[in-house]
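Structure record follows, encoded as structure tokens.
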Amino acid sequence: YALWMEEKGLKNWKDYFEPWPKPEGKAERPWRGEDGQTWALPEEYHYSTWTGERSVAMLEEYAEQDQPFFLWASFHDPHPPYVVPEPWASMYDPDDMVAGHLVEGEHEKNPPHFQKTQEDKPDFSMYQEPGGNGCHGFHRQKTPDAVTRKRMATYYGMISFMDKEIGRILDALDRLGQAENTLVVFTTDHGHFLGQHGLVAKGAFHYEDMIRIPMIARYPGRIPAGITNSDIQAIVDLPPTFLAAAGIPVPGLMQGHDQILAWSGEAEAPRDHVIVENRHQPTKVHLRTYVDKRYKITVYRGQEYGELFDLEEDPGEVRNLWDDPQVADLKRDLLFRFMQAELEREPTRMPRIAGA
């Protein structure tokens, strides 16, 4: 990216970025506007522009060679810090934003790291381990609504900037005559907290805000246009789906399900649950979650606490039922389903061969 900026003529690109490692004390940030969220970096040098431009360049190269291609256009945004150039920085009015909020008492029955996020000066050192990457997302979460609304407005601007570049990639498929023979999937890696549950950014919190992510698929002639459904999907399903769509055998080491027939309406959905995992630290923040269409249960390595939510009765996930004796039978059943799901997802790396 830095080389690209220099090739484009921005020799002083370092003036628009924060030095790393960060200097001691409060660093001056002349590249941020007075609001702290308007980036002085011109739009044509932004990394979203870079991702869009390089993606189109690859499409043009493969179209010229008349070769099949796989393109993963991985956009960096929307991501903290919440900064974006104009006109995107002022595209949305903070007063139109509705910040998420903490429901009083909702963390009382949650694991202790949820509760610590609401302390004024939380100490998360007990979760840090040698070899860990820091307790990312474990920090003081209380943020004034006005600050959150401003962040949200900038966040929306970052997304709209991305939308422009994604549109450029789709336009290139049309221009190059590739659109009718290309499977396009839009999705992301995780969600983002903007005040929901009293949290910001991301972390080891498997709320729907974090793990229920957008997904759009387009495949002319295979996926009917304009339809929606609520079938459960997982990111691990994407590689085998792409391979199947391209007529390539799926390796046995892959855990996901081929979804192409379900997307096209030719078959039922291949899964009724997903497993979400986060091994944030080697052992102390290591959790897995089983989710079906109604229930969600989370287990923590080496801990007696956990989470159990009824997404139908409690869509906001403010009532953790893990220790509720009235749902003991349900909890036992979900843990059994969880174990079965873990066995089911174990890959078979190669076909079994009978022998002596």
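The structure presented is a predicted model; accordingly, all values stated were derived computationally and were not measured. Note that these values count all heavy atoms, side chains included, but never hydrogens, waters or copies made by symmetry.
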Can you find a heavy atom in the side chain of [X] that is under 4.5 Å from one in the side chain of [Y]?
X    : Y    : value
L199 : Y207 : yes
V291 : L311 : yes
H206 : L287 : yes
L183 : V185 : yes

With sequence neighbours excluded, give me every ring-ring contact (aromatic ring centres under 6.0 Å, His included) pair touching residues 288-314.
H113-Y300, H273-Y290, Y290-F338, Y300-Y305
Using the six-membered ring wherever Trp is involved, compare the ring planes of F242 and F70 and label them parallel, tilted or perpendicular (cut-offs 30° and 60°).
tilted
Whether W4 and W50 hold their rings parallel, tilted or perpendicular, with breakpoints at 30° and 60°
tilted
State whether [X] and [Y] are salt-bridged, where the test is any N-O pair (Lys NZ or Arg NE/NH1/NH2 against Asp/Glu carboxylate O) under 4.0 Å.
X    : Y    : result
R332 : D329 : yes
E60  : R168 : no
R294 : E312 : yes

Polar side chain donor-acceptor pair, [X] to [Y], under 3.5 angstrom:
X    : Y    : answer
H197 : E106 : yes
T283 : E129 : yes
W322 : E304 : no
W39  : E86  : no

Kindly say whether [Y] contributes a backbone atom to a donor-acceptor pair with the side chain of [X] at under 3.5 angstrom?
X    : Y    : result
E317 : E208 : yes
Q118 : G198 : yes
Y1   : Y47  : yes
K202 : G191 : no
T154 : A89  : no
N320 : K109 : yes
T241 : D258 : no
D310 : E313 : yes

How close do N110 and Q115 get, heavy atom to heavy atom, and via which atoms?
O-NE2, 2.6 Å
Partners passing salt bridge (charged side-chain N to carboxylate O under 4.0 Å, His left out) against [X] (at least two apart in sequence or in another chain):
X    : result
E344 : none
D96  : none
D333 : R337

Y156: hydrophobic cluster co-members (side-chain, 4.5 Å)
Y82, V84, W88, M91, Y92, M97, M152, Y155, M158, I159, F161, L194
Checking one residue: V56. Which other hydrophobic residues are in its cluster under the side-chain 4.5 Å linking rule?
M58, L59, Y62, F69, L71, F75, M162, I166, I169, L170, L173, L176, V184, F186, I216
